[in-house]
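Just so it is clear, the structure is predicted and the values come from calculations on it, not from any experiment.
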Amino acid sequence: MSRSFEEALINRRSYYAIKNETPISDLEIEHIVHTAVKHVPSAFNSQSARLVLLLGDNHRKLWGIVKDTLKKMLSSEAYAQSEAKIDGCFSCGYGTVLFFEDDSVVKGLQDAFPAYATNFPVWSMHTSAMHQLAVWTMLEDVGLGASLQHYNPIIDEEVAATWNLPASWKLVAQMPFGSPAGEPGPKEFQTLETRVKVFK
């Protein structure tokens with residue numbers, strides 16, 4: 001699918017109805033992740049973003065961890081609602097991208113540039129957000145539907161242990177994806193006049 005950057009941004013949507021199918025190969029999905037990690041900018045060129053791509057059984061294992069964690073925390077009624085959402089919107093997909101930021105990089109920058117120390121955690125989140133948008137847009141552009149989820153920090157320890165990830169990797173977001181099985185979620189826009197000011 002050949003689109004301009006503007007068209008790709010306009011067409012990026014949240015898809016909650018997804019299937020365990022993909023119009024592209026696993027290698028092409030990996031290429032999308034690699035492209036984002038290599039080319040998305042970061043403050044002070046920190047390159048603090050860390051991404052984990054989960055496919056197949058690993059994808060399903062993640063959402064099993066989410067459900068097991070929630071089951072211990074929620075009432076039976078609340079858990080049933082969460083379980084239905086996870087099974088019907090997330091685990092039913094083809095894969096999940098996990099977005100992390102490496103705290104050791106952030107702390108290193110804080111030590112190296114103490115005048116900006118309080119800003120580096122904020123800039124780290126900016127870096128992660130740019131990676132999320134880039135991956136999300138590229139997945140949509142090849143025909144995959146995705147959404148952005150935040151079950152951190154309640155699953156952080158189990159995720160790190162399951163995939164033997166460094167302790168310095170801080171989980172920021174989860175992006176389940178798959179072939180769209182329905183229309184994207186509704187999208188409403190506030191008026192631009194309330195969000196943008198132009199001075200000439």
Side-chain angles (χ1 to χ4, degrees), residues 1-24 26 28-33 35-37 39-40 49-56 58-67 69-70 74 78-101 125-156 159 170-192 194-196:
M1 193 178 302
S2 180
R3 291 174 174 163
S4 68
F5 181 62
E6 179 183 10
E7 290 170 331
L9 282 177
I10 290 171
N11 282 278
R12 187 225 45 84
R13 300 290 296 278
S14 293
Y15 281 86
Y16 298 104
I18 54 176
K19 298 182 288 188
N20 182 17
E21 298 175 5
T22 174
I24 63 173
D26 290 355
E28 289 173 293
I29 296 172
E30 289 180 43
H31 177 72
I32 286 173
V33 173
T35 299
V37 170
H39 295 290
V40 170
R50 305 288 183 264
L51 275 63
V52 172
L53 175 61
L54 301 176
L55 301 172
N58 284 291
H59 158 71
R60 288 181 285 277
K61 185 181 293 185
L62 169 74
W63 295 104
I65 290 171
V66 175
K67 290 198 294 185
T69 303
L70 290 174
L74 302 176
Y79 174 72
Q81 293 176 346
S82 291
E83 182 182 37
K85 184 175 183 180
I86 291 166
D87 290 343
C89 301
F90 311 143
S91 66
C92 58
Y94 188 79
T96 302
V97 182
L98 302 180
F99 295 86
F100 298 81
E101 281 291 301
M125 291 299 99
H126 295 171
T127 295
S128 183
M130 288 190 285
H131 282 78
Q132 293 163 34
L133 177 61
V135 171
W136 199 346
T137 303
M138 286 190 286
L139 288 174
E140 197 283 333
D141 205 39
V142 296
L144 287 160
S147 66
L148 192 65
Q149 305 305 316
H150 300 91
Y151 285 95
N152 45 293
I154 63 172
I155 62 170
D156 291 18
V159 166
K170 180 180 179 182
L171 184 58
V172 178
Q174 307 86 52
M175 186 176 290
F177 64 87
S179 290
E183 293 300 313
K187 192 173 185 180
E188 298 180 1
F189 298 96
Q190 298 177 26
T191 61
L192 291 177
T194 63
R195 302 179 66 193
V196 180

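- Tyr16 meets the ring pair (Phe, Tyr, Trp, His ring centres under 6.0 Å) test with no other residue; sequence neighbours excluded.
- A pairwise comparison of heavy atoms in Ala36 and Val135 identifies CB-CG2, 3.6 Å as the closest pair.
- Listed by chain and number, the residues in a side chain to side chain contact (heavy atoms under 4.5 Å, CB included) with Ala80 amount to none (sequence neighbours excluded).
- In this view, Asn20 satisfies the side-chain hydrogen bond (donor to acceptor under 3.5 Å, both in side chains) rule with no residue, not counting sequence neighbours.
- Remark: Arg12 pairs with no residue by the salt bridge (charged side-chain N to carboxylate O under 4.0 Å, His left out) rule, at least two apart or across chains.
- With sequence neighbours excluded, no residue forms a ring pair (Phe, Tyr, Trp, His ring centres under 6.0 Å) with Tyr15.
- Scanning all heavy atoms of the two residues, the minimum distance from Leu139 to Ala146 falls at CD1-CB, 4.4 Å.
- Residues forming a side chain to side chain contact (heavy atoms under 4.5 Å, CB included) with Leu9 (at least two apart in sequence, or on another chain): Phe5, Leu133, Thr137.
- Not a single ring pair (Phe, Tyr, Trp, His ring centres under 6.0 Å) links Phe177 to another residue, sequence neighbours left out.
- Asp87 meets the salt bridge (charged side-chain N to carboxylate O under 4.0 Å, His left out) test with Lys67; sequence neighbours excluded.
- Here Ile24 pairs with Thr22, Glu28, Ile29, Ile32, Val142, Leu144 under the side chain to side chain contact (heavy atoms under 4.5 Å, CB included) rule; sequence neighbours left out.
- Taken from CG in Leu74 to OG1 in Thr69, the straight-line distance is 10.0 Å, to the nearest 0.5 Å.
- Nearest heavy-atom pair, Ile154 versus Tyr151, reported as atom, atom and distance to 0.1 Å: CG1-O, 2.9 Å.
- If you take CD on Glu101 and CE on Met125, they are separated by 5.0 Å, rounding to the nearest 0.5 Å.
- Shown here are the side chain to side chain contact (heavy atoms under 4.5 Å, CB included) partners of Glu183, two or more places apart in sequence or in another chain: there are none.
- In this structure, the separation between CG on Leu54 and CG on Leu98 is 4.5 Å, given to the nearest 0.5 Å.
- One distance of note links CG of Leu148 with CD of Gln174; it measures 8.0 Å at 0.5 Å rounding.
- Atom NE2 of His31 is surrounded by 12 or fewer heavy atoms from other residues, nucleotides or ligands within 6.0 Å.
- In this structure, Leu171 CG and Arg50 CZ are separated by 14.0 Å, a value rounded to the nearest 0.5 Å.
- Qualifying salt bridge (charged side-chain N to carboxylate O under 4.0 Å, His left out) partners for Lys19, counting only residues two or more places apart in sequence or in other chains: Glu21.
- To the nearest 0.5 Å, atom OG of residue Ser4 and atom CG of residue Asn11 are 9.0 Å apart.
- Inter-residue side-chain proximity for Phe100 and Leu51 is flagged as unmet; no heavy-atom pair is nearer than 4.5 Å.
- Using modelled atom types, no side-chain atom of Asp156 and backbone atom of Asn152 make a donor-acceptor pair closer than 3.5 Å.
- The minimum heavy-atom distance linking Ser147 with Gln149 is given by the pair OG-NE2, 2.9 Å.
- Side-chain atoms of Trp136 do not come within 3.5 Å of backbone N or O of His131 as any donor-acceptor pair.
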Can you give each donor-acceptor pair under 3.5 Å made by side-chain atoms of residues 88-95, sequence neighbours left out, with the distance rounded to 0.1 Å?
| residue | atom | partner | partner atom | Å |
| --- | --- | --- | --- | --- |
| Ser91 | OG | Ile86 | O | 3.2 |
| Tyr94 | OH | Asp26 | OD1 | 2.5 |

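- Contact between Ala49 and Thr127 at its shortest, heavy atoms only, is CB-CG2, 4.3 Å.
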